[in-house]
Amino acid sequence: MSTVYSTVEPIQYEGPHTSNPLAYRWYDAKRVVLGKTLAEHLRPAACYWHTFCWGGQDPFALGDNVLDRPWFRGEPMAAAQLKLDAAFDFFQRLNMPFWCFHDRDVSPEGATLRESNANLDAVLERAGRKMQDTGVQLLWGTANLFSHGRFMSGAATNPDPEVYAYAAAQVKHVLEWTQRLGGANYVLWGGREGYETLLNTDLRRELDQYGRFLAAVVEHKHKIGFTGTLLIEPKPQEPTKHQYDYDSATVYGFLKRYGLENEVKVNLEVNHATLAGHSFEHEVATAAALGILGSIDANRGDEQLGWDTDQFPNNHVALVPAMLEIIRFGGLGSGGMNFDAKVRRQSIDPVDQIEAHIGGLDTLARAFLCAAALYESGDLERVLQDRYAGWNSELGQAIHAGASLDALAERVHAQSLSPQARSGRQERLENIVNRFV
Ligand code: XUL
Ligand code: CO
């Protein structure tokens with residue numbers, strides 16, 4: 001079947017020295033490193049929304065679509081099926097092992113939820129068959145609880161319980177579909193779970209609503225026997241002024257308050273981390289330390305623009321520290337690396353989207369290979385072990401066992417402890433990293 005991507009031959013790995021723009025230079029899917037293939041480590045995914053649904057509208061000037069795709073025209077359900085054909089053609093040409101979707105990306109909203117669900121069923125039935133035929137798997141599904149006007153004051157955190165109920169019904173349907181399609185995870189991004197002004201917001205009540213909503217999702221997951229991971233996607237703001245899922249640490253506090261810290265992990269997005277004033281590696285390291293690192297939305301922002309520009313990753317050096325944290329954590333488990341990224345507005349040709357994913361995947365692969373070599377050298381890990389070696393001593397053990405202030409004060413005086421400062425060796429460590437990038 002011919003699609004807008006059909007002129008592009010399937011993308012092959014040709015190695016770092018190729019100048020072919022339609023070849024992978026670093027993503028050698030079958031290359032084994034740290035005991036697994038690159039494809040198994042990265043578990044890369046293409047997203048449906050930016051790639052097949054966004055028409056190139058300018059977020060500020062609005063105006064017309066500038067991307068011309070056949071599925072932007074015609075009867076909506078026929079267009080949705082056309083879009084599905086193009087999407088699976090796209091995944092295959094890129095040898096992309098996974099995809100991700102929102103319900104409303106895949107099929108149009110109906111007059112009622114029943115109608116919307118029927119639309120979704122018709123397209124996802126075919127998606128399931130295409131997944132079987134092509135071997136492309138589902139990294140995660142999610143419900144769009146933020147685009148429609150009914151969600152403007154929140155979904156789970158809406159002042160109107162009918163909106164809460166509507167959102168719950170929508171999540172039930174998409175969670176069940178995610179299970180049916182063998183999805184590895186289910187994502188909740190709280191795009192409208194926040195506030196515009198505290199003047200009209202009962203923050204405590206809204207957090208309780210959100211906690212109950214998430215608990216209900218967990219209950220349903222267990223009821224239907226979905227074995228994938230539930231993931232919250234932190235973001236500090238946009239579209240709301242303040243979102244409740246601000247960052248990894250905030251999400252952990254929220255999960256802990258509602259007793260869900262062993263049930264839900266995080267899907268961390270690079271551009272969301274930087275919007276929150278963090279480095280991406282900070283977010284990864286924090287989630288790893290708290291035991292809630294789940295999956296990654298790979299993209300990048302623009303330092304001068306400062307908003308969620310969702311650009312494709314193109315700087316492997318910048319991603320090495322985060323990859324190192326992921327390796328130290330033991331990998332992403334059921335998670336993967338989803339390109340939550342879109343081409344720039346002037347990149348109007350279908351081939352631009354192909355090249356964007358090639359560059360993004362090459363960047364992730366190269367960053368991972370650098371981080372793996374750095375990790376395997378043991379050079380950083382040895383310095384780290386040495387830095388904390390004192391904690392293996394009898395004193396370190398005693399502190400962990402709960403030494404009191406009295407006992408420690410006694411010890412300091414009795415042993416005349418006078419600890420000396422030691423260099424943090426930051427520049428040496430930075431130089432070590434540079435040997436591997
Ligand atoms: C928005 C965002 C979403 C989520 C899924 O900033 O990242 O696309 O990834 O709802
Ligand atoms: Co995202």
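Just follow the structure's listing: the first ligand is 1, and inside any ligand the first atom is 1.
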With heavy atoms under 4.0 Å as the rule, classify the contact between Glu238 and ligand 1 as side chain, backbone, both or neither.
neither
Chi angles and distances behind the side chain to side chain contact (heavy atoms under 4.5 Å, CB included) call for Tyr195, Thr240:
CA-CA 6 Å; Tyr195 60 80; Thr240 61; over 6 Å; no
Can you tell me if, anywhere in Asp310, an N/O/S atom lies at a distance from the Co ion (ligand 2) that is smaller than 2.8 Å?
no
What's the separation between atom OG1 in Thr363 and atom CZ in Arg366, rounded to the nearest 0.5 Å?
8.5 Å
Pull out every atom of ligand 1 sitting under 4.0 Å from any heavy atom of Glu233, numbered as shown with elements.
2 (C), 3 (C), 4 (C), 5 (C), 7 (O), 9 (O)
Hey, is ligand 1 close enough to Trp140 that some N/O pair sits below 3.5 Å?
no
Do Tyr186 and Phe226 have ring centroids that are under 6.0 Å from one another?
no
Any idea which atoms of ligand 1 are less than 4.0 Å away from a heavy-atom of Asp297?
9 (O)
Asp308 and ligand 1 - part of the residue with a heavy-atom distance under 4.0 Å:
side chain
Angle subtended at the Co ion (ligand 2) by Asp297 OD2 and Asp340 OD2, rounded to 10 degrees
90°
Could you tell me whether some N/O pair between Asp310 and ligand 1 is separated by less than 3.5 angstrom?
no
Heteroatom distance test (His272, ligand 1): nitrogen or oxygen, under 3.5 angstrom:
yes
Tyr166 ring centre to Arg150 NZ or CZ under 6.0 Å, with the angle to the axis within 45°?
yes
If you round to 10 degrees, what value do you get for the angle at the Co ion (ligand 2) between Glu233 atom OE2 and Glu269 atom OE1?
90°
Please tabulate, one pair per line, all N/O donor-acceptor pairs under 3.5 Å involving side-chain atoms of residues 319-327, not counting sequence neighbours.
none

I'd like to check which ligand 1 atoms, numbered from 1 as shown, lie under 4.0 Å from a non-hydrogen atom of His102.
5 (C), 8 (O), 10 (O)
May I ask you to decide whether Glu261 forms a salt bridge with Lys256, counting only side-chain N to carboxylate O separations under 4.0 Å?
yes
Option passing ring-ring contact (aromatic ring centres under 6.0 Å, His included) with His102 (candidates Phe52, Trp189, Phe146):
Phe146
